[in-house]
Amino acid sequence: MSIKAPRGTYDILPPESFNWHYMERVLTETAELYGYYEIRTPIFEHTELFTRGVGDTTDIVTKEMYSFTDKSERSLTLRPEATATCARALIEHSIYGGAMPVKWYYLGPMFRYDRPQTGRYRQFRQFGVEAFGSDSPYLDAEVIILLIDILNRLGLNNYELHLNSIGCPECRQIYRDKLVAHIRPQADKLCKDCQVRYSKNPLRVLDCKVESCHVAIAGYPYIKDYLCDSCKTHYETVKKVLKDNEVNFLHDDNLVRGLDYYTNTAFEIHIPDIGGQSAIGGGGRYNGLVKACGGPDVPGVGFALGLERILLALTKEKEVLADNSYADVFVIAVGEELEDMSTKLVSKLRKNNIKSDKDYAGRSLKAQMKFANRLGAKIAIIIGEDEINNNYFTVRNMNKGEQSQVANDNIIEHINNILANS
RNA sequence: GUGGGUGUAGCUCAGGUGGCUAGAGCACCAGAUUGUGGCUCUGGGGGUCGUGGGUUCAAGUCCCAUCAUCCACCCCA
């Protein structure tokens with residue numbers, strides 16, 4: 001046992017994998033209800049896609065990418081997120097030439113080289129949606145309504161939706177200048193991280209958690225007061241549609257995005273009490289992204305959810321969310337010479353779509369019963385000499401502890417009956 | 001990248017200031033009940049004490065290094 005899963009990766013075993021199936025079903029079925037359909041893209045891309053599409057000053061690109069050189073000296077990178085990938089696919093297949101908007105969802109692993117902690121892994125999984133080709137604020141709202149619908153269907157209640165508008169490059173630049181002018185006299189009072197933020201991306205200073213930074217920048221201007229008319233109208237419409245559709249949100253002046261191709265709506269979902277990283281998802285509008293990736297000027301809006309973090313929140317109270325029975329029926333052969341019979345019966349059950357299993361360890365009847373119980377079997381079928389000689393099966397209802405003799409020919413019907421009533 | 005905690009059985013963990021053959025609970029296997037699970041009782045298998053080095057008559061225990069893991073920060077999902 002010397003080789004272990006690499007740092008920041010982990011195995012999902014049953015019954016844990018049941019939770020993933022359950023969650024993924026809710027995610028994909030809900031998305032399709034809203035007209036979003038799955039796009040499956042490569043798990044690695046040319047490194048350049050992410051330096052351009054994520055931003056070469058972001059932490060993701062500067063210190064978290066899993067990049068490697070292949071045998072032909074190409075620089076490739078395990079995808080750290082999927083939005084840039086979707087933009088690439090949109091451009092590559094000239095999807096923008098057809099009917100708009102195009103609405104996609106994706107589900108799968110992402111990779112970031114980072115120190116693992118609660119709810120953070122080097123290989124983690126995201127579900128996200130992207131809608132390209134419409135600048136309508138109603139589409140921003142749809143994406144958010146979908147997100148909230150998903151959380152509700154999963155049974156999460158204690159989340160907070162934070163919402164803000166970061167305007168367009170034009171009005172944001174005016175705001176940025178105002179903000180920098182406001183901070184400049186206090187710049188030396190900021191924490192070490194904020195010193196860096198101040199020069200690199202001043203809007204980031206706003207969501208610093210250090211108390212002294214808040215004090216230092218007190219009275220800072222809000223971006224909402226600097227939005228141009230068009231951006232202001234866009235944001236007001238998004239908020240109105242959310243209210244009309246009973247989605248609660250908190251306007252958050254400190255919610256910002258770093259890069260120029262992010263525009264207008266920005267939102268994040270927080271679950272305060274999962275410990276560690278409370279952000280389980282986020283998204284917004286990115287009207288400049290497709291162009292930044294080398295395509296035409298196509299607007300877009302979307303979100304991504306961190307699935308480990310969602311599961312963390314979901315399993316806080318109950319460990320296994322889905323049906324955790326490994327087999328509905330367990331077939332027991334008493335004595336090795338009857339194993340041919342149990343094998344045939346298990347095959348018959350399976351052909352009739354009854355989830356069933358049998359012993360492969362040469363166990364005694366008692367031990368097989370115990371095993372059946374542990375698998376969560378609802379029914380045990382016993383085949384012994386008596387049964388063979390008289391053409392019947394002994395069927396035991398494991399929950400009720402009742403058992404009966406069932407003629408061989410009636411077995412499927414009988415089992416289906418019990419399962420239907422359990 | 002920065003700062004802390006922890007590495008002993010498959011899992012959760014005991015093992016004061018070093019000292020006999022390293023323990024418990026759970027899990028697993030078997031028996032009590034020779035054709036019947038869950039509860040109980042009895043027994044059994046399973047550990048190079050993360051790894052390497054050092055101190056010592058003697059190291060699971062002390063020291064150093066290293067790796068792993070967990071937690072937090074930066075940042076993100």
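Here the structure is a predicted model, which means the values were calculated and not measured. The chains referred to below are lettered A, B, ... by the order of the sequence lines, with proteins before strands, and numbering in each begins at 1.
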query: Which nucleotides of nucleotides 37-47 of chain B have their base under 4.0 Å from a protein heavy atom (B), which only their sugar-phosphate (S), and which neither (-), written as one string 5' to 3'?
result: BB---------
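Among the protein residues, A/Gly335 comes within range of no part of the nucleic acid, since none of its heavy atoms lies under 4.0 Å from any strand. Nucleic acid contact for A/Ile382: base, since at least one base atom lies under 4.0 Å from a heavy atom of the residue. Contacts of A/Tyr121 with the nucleic acid, taken as non-hydrogen atoms under 4.0 Å apart, include base atoms. Contact annotation for A/Glu385: base contact, defined as any heavy-atom pair under 4.0 Å involving a base atom. In this structure, A/Leu365 reaches the bases: a heavy-atom distance under 4.0 Å links it to at least one base atom across the strands shown.
Rounded to an integer number of Å, the gap from A/Tyr113 OH to B/G1 C1' is 10 Å. In this structure, A/Leu305 places its CG atom 8 Å from C1' of B/A77, rounding to the nearest Å. Rounding to whole angstrom units, CZ of residue A/Phe124 and P of B/C75 are separated by 17 Å. Note: CG (A/Asp59) to P (B/C74) measures 11 Å, nearest angstrom. A/Arg120 places its CZ atom 9 Å from the P atom of B/C74, with the value rounded to the nearest Å. Here B/A77 presents its C1' atom at 14 Å from CD1 of A/Ile150, a figure rounded to the nearest Å. In this entry the distance linking CZ of A/Arg363 with P of B/U36 reads 17 Å, nearest Å. Protein atom CD of A/Gln368 is 10 Å distant from nucleotide atom P of B/A30, rounded to whole Å.
Listed by residue number, the members of residues 152-162 of chain A with any heavy atom below 4.0 angstrom from RNA chain B form an empty set.
Across the C1' atoms, B/C75 and B/C49 are found 38 Å apart, a figure rounded to whole Å. Between B/G44 and B/U6, the two P atoms lie 35 Å apart (nearest whole Å). Across the P atoms, B/A30 and B/U36 are found 14 Å apart, a figure rounded to whole Å. Straight-line distance between the P atoms of B/C41 and B/A24: roughly 15 Å, to the nearest whole Å. With P as the reference atom, B/U61 and B/G50 are 8 Å apart, rounded to whole Å. Atom P of B/A59 sits at a distance of 42 Å from the matching atom of B/C73, rounded to the whole Å. Nucleotides B/G45 and B/A27 are separated by 13 Å at their C1' atoms, to the nearest Å. Annotation: B/G46 and B/U8 have their C1' atoms spaced 14 Å apart (nearest Å).
Between A/Thr118 and B/A72, a side-chain N or O to OP1/OP2 separation shorter than 4.0 Å is present. Here A/Gln117 does not reach the OP1 or OP2 of B/C70: none of its side-chain N or O atoms lies under 4.0 Å away.
Scanning RNA chain B for stems, defined as runs of 3 or more consecutive Watson-Crick or G-U wobble pairs whose donor-acceptor distances all fall under 3.5 Å, gives the following ranges: B:1-7 with B:67-73, B:10-13 with B:23-26, B:28-32 with B:40-44, B:50-54 with B:62-66.
Looking at A/Lys63, its side chain comes within 3.5 Å of the base of B/C74 through a donor and an acceptor atom.
Checking A/Asn416 against A/His414 by side-chain atom types alone, no donor-acceptor pair falls below 3.5 Å. Using modelled atom types and a 3.5 Å distance limit, the side chains of A/Thr394 and A/Gln405 yield no donor-acceptor pair.
Residue whose closest nucleotide on RNA chain B sits further toward the 5' end, between A/Ala5 and A/Gly281: A/Ala5. Nearer to the 5' terminus of RNA chain B, by closest-nucleotide assignment, is the contact made by A/Gln403 (compared with the other of A/Thr9 and A/Gln403).
Here the shortest heavy-atom pairing between A/Gly167 and A/Arg172 reads O-NH1, 3.3 Å. Listed here is the closest heavy atom pair of A/Tyr22 and A/Leu154: OH-O, 3.7 Å. What you find for A/Ala216 and A/Lys189 is that their closest heavy atoms are CB-CB, 4.1 Å.
Of the charged side-chain nitrogens involved, at least one lies within less than 4.0 Å of a carboxylate oxygen, so that A/Asp135 and A/Arg285 count as a salt-bridged pair. A/Glu402 has no carboxylate O lying under 4.0 Å from a charged side-chain N of A/Arg396, or vice versa, which leaves the two without a salt bridge. Comment: A/Glu308 does not engage A/Arg120 in a salt bridge, judged by the lack of any side-chain N to carboxylate O separation of less than 4.0 angstrom.
Residues passing the ring pair (Phe, Tyr, Trp, His ring centres under 6.0 Å) test with A/Tyr175 are A/Tyr226, sequence neighbours excluded. Qualifying side chain to side chain contact (heavy atoms under 4.5 Å, CB included) partners for A/Glu339, counting only residues two or more places apart in sequence or in other chains: A/Ser342, A/Thr343, A/Lys358, A/Tyr360.
Ring planes of A/Phe127 and A/Phe303: tilted class, angle from 30 to 60°. The aromatic rings of A/Tyr286 and A/Phe132 sit perpendicular to each other, their planes meeting at more than 60°, with 30° as the lower class boundary. Aromatic ring orientation, A/Tyr10 versus A/Tyr121: tilted (interplanar angle from 30° to 60°).
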Look for any protein N or O under 3.5 Å of an N or O in nucleotides 3-13 of chain B and output each such pair with its distance, or none.
| unit_1 | atom_1 | unit_2 | atom_2 | d |
| --- | --- | --- | --- | --- |
| B/G3 | O6 | A/Arg115 | NH2 | 3.0 |

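Taking CZ of A/Phe393 as the start and CG of A/Asn391 as the end, the distance is 8.5 Å to the nearest 0.5 Å. Atom CZ of residue A/Arg176 and atom CD1 of residue A/Ile166 lie 9.5 Å apart, to the nearest 0.5 angstrom.
For A/Lys224, the NZ atom counts as densely surrounded, since its 6.0 Å shell holds more than 12 non-hydrogen atoms of other residues, nucleotides or ligands.
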